[in-house]
Protein chains: 2
Amino acid sequence: MADIRNVAVIGGGLIGASWAALFVAQGLSVRVHEPDGNTADQVAARVRAAWPDLQALGLTDLDVDKALARLVVTPDMSLACQDIDFVQECGPDRLEVKHAIIARVESCIAPETVIASSSSALLPSEIQARASHPGRILVGHPFNPPHLIPLVELVAGQATTPQAVEAARAFYENLGREVIVPQRELRGHVANRLTAALYREAVHLVAEGVASVADVDRAVSAGPGLRWALMGPHLTYHLGGGAGGFRHYITHLGPAQQARWAELGSPTLDTATIDALIAGVEDELAALDADTLPERRDAALVGLLQLKQRLGFGG
Amino acid sequence: MADIRNVAVIGGGLIGASWAALFVAQGLSVRVHEPDGNTADQVAARVRAAWPDLQALGLTDLDVDKALARLVVTPDMSLACQDIDFVQECGPDRLEVKHAIIARVESCIAPETVIASSSSALLPSEIQARASHPGRILVGHPFNPPHLIPLVELVAGQATTPQAVEAARAFYENLGREVIVPQRELRGHVANRLTAALYREAVHLVAEGVASVADVDRAVSAGPGLRWALMGPHLTYHLGGGAGGFRHYITHLGPAQQARWAELGSPTLDTATIDALIAGVEDELAALDADTLPERRDAALVGLLQLKQRLGFGG
């Protein structure tokens, strides 16, 4: 596959603008397709806001104004897709919308150009189902915000070719992303299944009145969340196992772990539960500086990623 | 309750030594009870190793040698418990062992002195069941390593008095800990239930061949784990909801979340699964600098906690 120089981003929302920032930071030319005429300024503002972070992480040494000259935001799909080498699709996460977007994109690009969908809720086989050239369609799922969180889950559908997977892997890895390729498509891919599992128990504990929303959040961010920023659960248990490592952990504490699984909750997101969660989040937000939270999060993510680089933590 | 000046730590292993480091760093006098005669040097070495981190986090301005003069490690329970104001129990996590320890401790301390167990697997009602004075017994559950991870889960048993809970809360908060008090005792308290829920799905994905151990770990540490170090799941979803915040997230993406819950796995830790997990961890360790991992983890935790302090992230 030829070098990727020109990328189309379909959708100029939070995720699309963040991808666009990363792409232009890395020297690519980017066309953002977005029907909303007010979006061009918003996307440019988001790219400018992201620039100091991208510089701090060593993801760009370019001048932001020169980079923005390689960014076009347009409601014209054929202009957005002209001479494009890679498509990052960031439209609404509904299947009929995805199918409509892909039909329009396919009508404007070469048959082998990879289309990666940012979808978190849909499976690649569903997304590619009605495509003219389904083999080049896959999921390239980022985490918010994509220009800061390194993980990209690359998921093939039943029709996706190995060539498309490898082209997308090379593309994302060249951009400094941490790519994982699940062996099989599953609802939520990998990371959001882990997140959903944790969140199910979080909702159970709030719904049962065991802990407030704020205490559940604090139980993560002042506890195991600190370790998960550095290492996943297996490596964490490995260190918890002392000299015997993970083998010691799993043989000695595996039974307690399994007993815990049997007692986890199965909550329902009914109206009363949703109301309790919303009220709990409002209480939590009232006790902190909520307005500056997105900026502080980004600053903290940059510092955390620099710290991990310095101490040799991959991923 | 009187000021706490003298603390007994029952058990001189990883957790006990880390608690002891925090306690002496904060100016307390500490007696560590440990039957193993070789432990005194190990505990002192662990306190010395922890000192630069405790200084960096503003948790001590004391000289380590002067602090170590207030640390006694002894196999003599009556010496360990003499004139003690608070007991942090860190023995093996088996009920019959806890009961035996508590009987010995109770025979040496005043009837109102609080005994906090570091237990992760047992419930406070179980631990206090055979005590002479069960009202002062509770769980004060830390995360490894306790001198660095701020979270302490304070859990009352059926017999625990509110006075004991408040005394323990004040004690831990004075030590700079982030204390949560679940409204009810449950297996795994709060944080380890969330951890277990995530880990159940992690094991499912490995057992089903969807992802390797290393990829599951990377899916956490290069993805949502980075955000969980700063904010729990609710605040994370709040930011993911854009301008509409958590309410927008839960009303629009709640159904997708719930659909995901229905598809999560229920693995069993049978021999084949355990073998696959151990082999996967060995592969993962072979690809990184495993020997320096504990030191790098501690250095990264210190940097991360400093970063959170600087940017106003509580917990």
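Everything numeric here is computed off the predicted structure, so don't read it as measured data. By convention in this document, chain letters (A, B, ...) are assigned in the order of the sequence lines, proteins followed by strands, and residues within each chain are numbered from 1.
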- [ ] List the steps, then state whether side-chain contact (heavy atoms from CB on, under 4.5 Å) holds for Val155(A) with Val181(A).
- [x] CA-CA 6 Å; Val155(A) 193; Val181(A) 184; over 6 Å; no
Open item on the list: Let's go through Thr268(A) and Thr273(A) carefully: what are the C-alpha distance in whole Å and the side-chain angles of both, what is the deciding distance for side-chain contact (heavy atoms from CB on, under 4.5 Å) to 0.1 Å, and is it a yes or a no?
Closed with: CA-CA 7 Å; Thr268(A) 304; Thr273(A) 303; 5.9 Å; no
- [ ] Identify which of Arg247(B), Arg193(B), Glu263(B) forms the greatest number of heavy-atom pairs closer than 4.5 Å to chain A.
- [x] Arg193(B)
Open item on the list: At a heavy-atom distance under 4.5 Å, which candidate from Asp215(B), Thr292(B), Leu269(B), Ile149(B) has the highest pair count against chain A?
Closed with: Leu269(B)
Open item on the list: Between Arg200(B), Met231(B), His238(B), Arg184(B), who has the most heavy-atom pairs with chain A when the cutoff is under 4.5 Å?
Closed with: Arg200(B)
TODO: Using a cut-off of under 4.5 Å on heavy-atom pairs, state which of Pro267(B), Ala287(B), Ala262(B) scores highest against chain A.
DONE: Pro267(B)
Open item on the list: Counting heavy-atom pairs closer than 4.5 Å to chain A, which one of Thr236(B), Ile250(B), Leu253(B) comes out on top?
Closed with: Ile250(B)
TODO: Heavy-atom pairs under 4.5 Å with chain B are the metric here; pick the option from Ala121(A), Pro182(A), Pro224(A) that has the most.
DONE: Pro224(A)
TODO: Using a cut-off of under 4.5 Å on heavy-atom pairs, state which of Leu186(B), Leu264(B), Val216(B), Val206(B) scores highest against chain A.
DONE: Leu264(B)
Open item on the list: Heavy-atom pairs under 4.5 Å with chain B - which of Asn144(A), Ile15(A), Val210(A) has more of them than the others?
Closed with: Val210(A)
Open item on the list: Heavy-atom pairs under 4.5 Å with chain B: which of Leu285(A), Asp289(A), Leu288(A), Ile274(A) has the most?
Closed with: Leu285(A)
Task: Inter-residue atom distance Leu151(B).CG - Leu226(A).CG, 0.5 Å rounding - done: 9.0 Å
- [ ] Answer with yes or no whether the side chains of His141(B) and Glu153(B) bring together a donor and an acceptor at under 3.5 Å.
- [x] yes
Task: Contact class of Leu305(A) relative to chain B, heavy atoms under 4.5 angstrom - done: side chain
- [ ] Tell me, out of Gln183(A), Arg187(A), Glu201(A), who's got the most heavy-atom pairs with chain B below 4.5 Å.
- [x] Glu201(A)
Task: Contact origin within Val179(A) toward chain B - heavy atom pairs under 4.5 Å - done: backbone
TODO: Mark yes or no: Arg296(A) above the aromatic ring of Phe313(B), with NZ or CZ under 6.0 Å from the six-membered ring centre and no more than 45 degrees from the axis.
DONE: yes
Task: Top of Ala196(A), Ala219(A), Ala197(A) for chain B proximity - count of heavy-atom pairs under 4.5 angstrom - done: Ala196(A)
Task: Interface residue of largest heavy-atom contact number with chain B, from His204(A), Arg310(A), Gln257(A), Glu185(A), under 4.5 Å - done: Gln257(A)
- [ ] Against chain B, label Leu301(A) side chain, backbone, both or neither, depending on which of its atoms sit under 4.5 Å from a heavy atom there.
- [x] both
Task: Contact class of Glu208(A) relative to chain B, heavy atoms under 4.5 angstrom - done: both
- [ ] Check each atom of Leu304(A) against the heavy atoms of chain B and say whether the ones under 4.5 Å are side chain, backbone, both or neither.
- [x] both
Task: Test ring pair (Phe, Tyr, Trp, His ring centres under 6.0 Å) applied to Tyr237(B) and Phe246(B), step by step - done: CA-CA 6 Å; Tyr237(B) 287 138; Phe246(B) 182 78; 7.1 Å; no
